[in-house]
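Quick notes on the structure that follows.
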Amino acid sequence: VPNVTLKVLLMLTLVDGPCQGTYMCKRAPLFLRAVKGKDNAGNTDVLDLVEDTPATGESVYIYKLEGEPGIAHLYFGGGKGGWYAIGTYHYLPDVDGETLRDNEAWQAWATAQANWTVE
């Protein structure tokens with residue numbers, strides 16, 4: 001299997017929306033914030049860690065995990081590597097990510113949504 005295929009399979013994939021792409025992450029939560037650089041141009045990133053926050057000037061977008069997450073150990077040689085999350089996410093265009101910039105607001109919203117989804 002070519003490395004390019006493995007790279008895509010062993011990452012978080014945002015299949016649509018403004019931050020569409022693949023990312024190497026440590027976590028695959030049910031809901032995920034993704035950010036795009038100033039004026040929606042430039043770099044994109046995902047805020048997978050609990051302590052991650054959007055930078056000033058970044059636009060915030062919300063994604064939801066589709067199906068089950070996974071995890072894989074990648075070894076890069078020379079003693080480097082680690083555990084990385086695997087998951088597929090879809091953009092939630094009806095959720096205003098800008099209102100969820102603050103970590104406290106984000107965590108409250110994600111928890112409420114997760115509780116509603118489970119019930």
Side-chain angles (χ1 to χ4, degrees):
V1 177
N3 286 341
V4 173
T5 301
L6 287 175
K7 182 178 178 185
V8 171
L9 291 175
L10 297 177
M11 300 177 102
L12 288 189
T13 303
L14 279 52
V15 297
D16 55 5
C19 299
Q20 180 177 357
T22 55
Y23 302 86
M24 290 187 77
C25 298
K26 296 293 186 178
R27 296 178 62 241
L30 178 58
F31 294 98
L32 184 68
R33 289 184 296 178
V35 293
K36 194 164 190 171
K38 189 175 182 177
D39 299 325
N40 285 323
N43 296 333
T44 58
D45 196 8
V46 294
L47 308 179
D48 62 306
L49 301 178
V50 174
E51 65 273 10
D52 285 348
T53 58
T56 302
E58 288 181 326
S59 297
V60 180
Y61 302 95
I62 308 303
Y63 286 78
K64 183 178 181 188
L65 180 66
E66 177 79 21
E68 295 292 322
I71 192 164
H73 188 272
L74 301 179
Y75 178 67
F76 302 112
K80 296 181 181 176
W83 292 97
Y84 293 90
I86 303 168
T88 301
Y89 287 82
H90 288 278
Y91 174 55
L92 299 178
D94 295 335
V95 179
D96 182 4
E98 291 303 314
T99 63
L100 302 172
R101 292 183 72 81
D102 175 75
N103 277 9
E104 188 174 322
W106 165 247
Q107 290 168 6
W109 179 87
T111 299
Q113 293 299 308
N115 288 340
W116 181 83
T117 301
V118 171
E119 291 179 13

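Counting begins at 1 with the first residue of the sequence.
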- Check L100 against A105 and note the closest heavy-atom contact, atom names and distance. CD2-O, 3.8 Å
- Could you work out the complete set of other residues in the hydrophobic cluster of Y75, with links drawn between I, L, V, M, F, W and Y side chains under 4.5 Å apart? none
- Message: Please report the interatomic distance NZ(K80) to CG(L74), rounded to the nearest 0.5 Å.
- Response: 14.5 Å
- Considering non-hydrogen atoms only, spot the tightest contact between A114 and F31 and give its length. N-CE1, 3.9 Å
- At their closest point, which heavy atom of L12 faces which heavy atom of Y89, and how far apart are they? CD2-CE1, 3.7 Å
- Can you label the angle between the Y63 ring and the Y91 ring as parallel, tilted or perpendicular, going by 30° and 60°? tilted
- Task: Begin with the C-alpha distance, continue with both residues' side-chain angles, and end with the deciding distance and a verdict on side-chain contact (heavy atoms from CB on, under 4.5 Å) for V95 and W109.
- Result: CA-CA 10 Å; V95 179; W109 179 87; 3.8 Å; yes
- Take M24 and M11 through the test side-chain contact (heavy atoms from CB on, under 4.5 Å) and record every step on the way to the result. CA-CA 5 Å; M24 290 187 77; M11 300 177 102; 2.9 Å; yes
- Between E58 and E98, what is the shortest heavy-atom contact and its length? O-OE2, 4.1 Å
- Query: Around E68, counting heavy atoms of other residues, nucleotides and ligands shown, do more than 12 lie under 6.0 Å from its CD?
  - Reply: no
- Please answer whether the main-chain N or O of R101 pairs with a side-chain N or O of R33 as donor and acceptor at a distance below 3.5 Å. yes
- Partner of L32 under side chain to side chain contact (heavy atoms under 4.5 Å, CB included), chosen from I62, L92, L14: L14
- Task: Go through the steps to decide whether V15 and Q20 satisfy the test side-chain contact (heavy atoms from CB on, under 4.5 Å), and finish with yes or no.
- Result: CA-CA 5 Å; V15 297; Q20 180 177 357; 5.8 Å; no
- Note on the structure: Shortest non-hydrogen pair, P29 vs L65, comes out as O-CB, 3.8 Å
- V50 and N103: which non-hydrogen atoms are nearest, and at how many Å? O-ND2, 3.4 Å
- Query: For Y84, is the NZ or CZ atom of K26 found under 6.0 angstrom from the centre of its six-membered ring and inside 45 degrees of the ring axis?
  - Reply: yes
- Task: Go through V35 and L47 one step at a time and tell me if the side-chain contact (heavy atoms from CB on, under 4.5 Å) criterion holds.
- Result: CA-CA 8 Å; V35 293; L47 308 179; 3.8 Å; yes
- Note on the structure: To the nearest 0.5 Å, atom SG of C25 lies from atom CD1 of I86 at 11.5 Å
- salt bridge (Lys or Arg N to Asp or Glu O under 4.0 Å) filter on E104, not counting sequence neighbours, yields none
- Note on the structure: For T44, the side chain to side chain donor-acceptor pair (under 3.5 Å) test, sequence neighbours excluded, returns Y23
